[in-house]
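These notes are about the structure you will find just below.
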Amino acid sequence: NESFVREKTLPELYDLVRQYKPDIIWSDGDWEAPAEYWRSQEFLAWLYNKSPVRHSVVTNDRWGRNTMCHHGGYYTCSDRYNPGKLQKHKWENAFTIDKQSWGYRRNA
């Protein structure tokens, strides 16, 4: 429910930026819920206009369902994304270490 975003996610994002002043924020909120649920526009507006890192921070494009490959300092688009030609917008190719997991597998 929305209390998770209001009481946990957003306060932690604001704290992360204020305390550690990151150059990159990589979000992974593109799965089930829309950007409105995550209040992404509210956070990103603050991040790029009023935060202590507004002049240097870069974000990806995973800020709510159906936002990939549309917004962000660089595009993720999809896992293992490879457009096959030079792009006008910066992008990343997110790859796993092996083809079965995003995390450590003892028996890989």
Side-chain angles (χ1 to χ4, degrees):
N1 63 36
E2 291 183 21
S3 65
F4 174 74
V5 175
R6 185 181 62 253
E7 296 171 15
K8 178 154 180 60
T9 306
L10 280 179
E12 287 182 7
L13 280 169
Y14 286 109
D15 184 53
L16 178 77
V17 171
R18 288 182 180 121
Q19 187 166 345
Y20 298 103
K21 298 174 180 52
D23 291 323
I24 296 175
I25 298 180
W26 195 91
S27 176
D28 200 15
D30 65 321
W31 301 106
E32 308 262 336
E36 293 78 17
Y37 169 80
W38 295 113
R39 295 170 59 182
S40 299
Q41 293 166 324
E42 171 189 326
F43 174 73
L44 292 169
W46 172 82
L47 182 68
Y48 282 111
N49 292 294
K50 296 182 180 178
S51 81
V53 295
R54 66 186 171 276
H55 299 297
S56 60
V57 71
V58 178
T59 65
N60 68 338
D61 58 353
R62 293 183 176 195
W63 292 90
R65 183 177 50 226
N66 298 323
T67 61
M68 284 195 302
C69 235
H70 295 290
H71 307 286
Y74 62 95
Y75 295 158
T76 302
C77 296
S78 63
D79 297 340
R80 301 179 180 274
Y81 174 69
N82 186 345
K85 62 180 181 175
L86 185 62
Q87 299 293 296
K88 292 182 180 181
H89 195 83
K90 292 180 173 92
W91 59 280
E92 74 167 332
N93 191 341
F95 259 82
T96 58
I97 294 174
D98 67 42
K99 293 185 178 190
Q100 296 181 18
S101 173
W102 280 99
Y104 172 75
R105 289 188 320 119
R106 186 178 309 259
N107 300 324

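Values reported hereafter were calculated over all heavy atoms of this structure, with side chains retained and with hydrogens, waters and symmetry mates removed. For the single chain, residues carry numbers from 1 onward in sequence order.
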### Query
Take atom CD in Gln41; do more than 12 heavy atoms of anything else shown fall under 6.0 Å from it?
no
### Query
What do the steps show when you test Leu10 against Trp46 for side chain to side chain contact (heavy atoms under 4.5 Å, CB included), and what is the final call?
CA-CA 11 Å; Leu10 280 179; Trp46 172 82; over 6 Å; no
### Message
For Asn1 versus Tyr37, what's the shortest heavy-atom pair and its separation?
### Response
O-OH, 3.0 Å
#### Entry: Smallest separation among heavy atoms of Val57 and Pro22, with atom names
CG2-O, 3.8 Å
#### Entry: Sidechain-backbone polar pair: Asn49 side chain, Ala45 backbone, donor-acceptor under 3.5 Å
yes
### Message
Please give me the minimum heavy-atom distance between Arg54 and Lys50, naming the atom from each residue.
### Response
NH1-O, 3.5 Å
### Query
Side-chain contact, heavy-atom cut-off 4.5 Å: Trp91 with Cys77?
no
### Query
If you round to the nearest 0.5 Å, how far is CG of Asn60 from NZ of Lys90?
14.5 Å
### Query
Which residue pairs pass the side-chain hydrogen bond (donor to acceptor under 3.5 Å, both in side chains) test when at least one of the two sits in residues 18-28, sequence neighbours left out?
Trp26-Glu92, Asp28-Trp31, Asp28-Arg62
### Query
If you round to the nearest 0.5 Å, how far is CG of Leu13 from OG of Ser51?
11.5 Å
### Task
Kindly determine whether Arg39 and Glu2 satisfy side chain to side chain contact (heavy atoms under 4.5 Å, CB included), including the steps that lead there.
CA-CA 9 Å; Arg39 295 170 59 182; Glu2 291 183 21; 6.0 Å; no
### Query
Would you say Leu47 and Val58 are hydrophobically clustered, going by side-chain heavy atoms of ILVMFWY under 4.5 Å?
no
### Query
Hey, quick one: are Tyr75 and Ile24 part of the same hydrophobic cluster, counting side-chain heavy atoms closer than 4.5 Å, chains of contacts allowed?
no
### Task
Taking the side chain as every heavy atom from C-beta outward, state whether Thr76 and Tyr81 have any pair of such atoms under 4.5 Å apart.
no
Pair up each side-chain donor or acceptor in residues 64-71 with any protein partner under 3.5 Å, not counting sequence neighbours, and list the distances.
| residue | atom | partner | partner atom | Å |
| --- | --- | --- | --- | --- |
| Arg65 | NH1 | Glu32 | O | 2.2 |
| Thr67 | OG1 | Asp61 | O | 3.0 |
| Thr67 | OG1 | Trp63 | N | 3.1 |
| Thr67 | OG1 | Gly64 | N | 3.3 |
| Thr67 | OG1 | Gly64 | O | 2.6 |

### Message
Same cluster or not: Leu16 versus Tyr14, using hydrophobic residues (I, L, V, M, F, W, Y) connected whenever any side-chain heavy atoms lie under 4.5 Å apart?
### Response
no
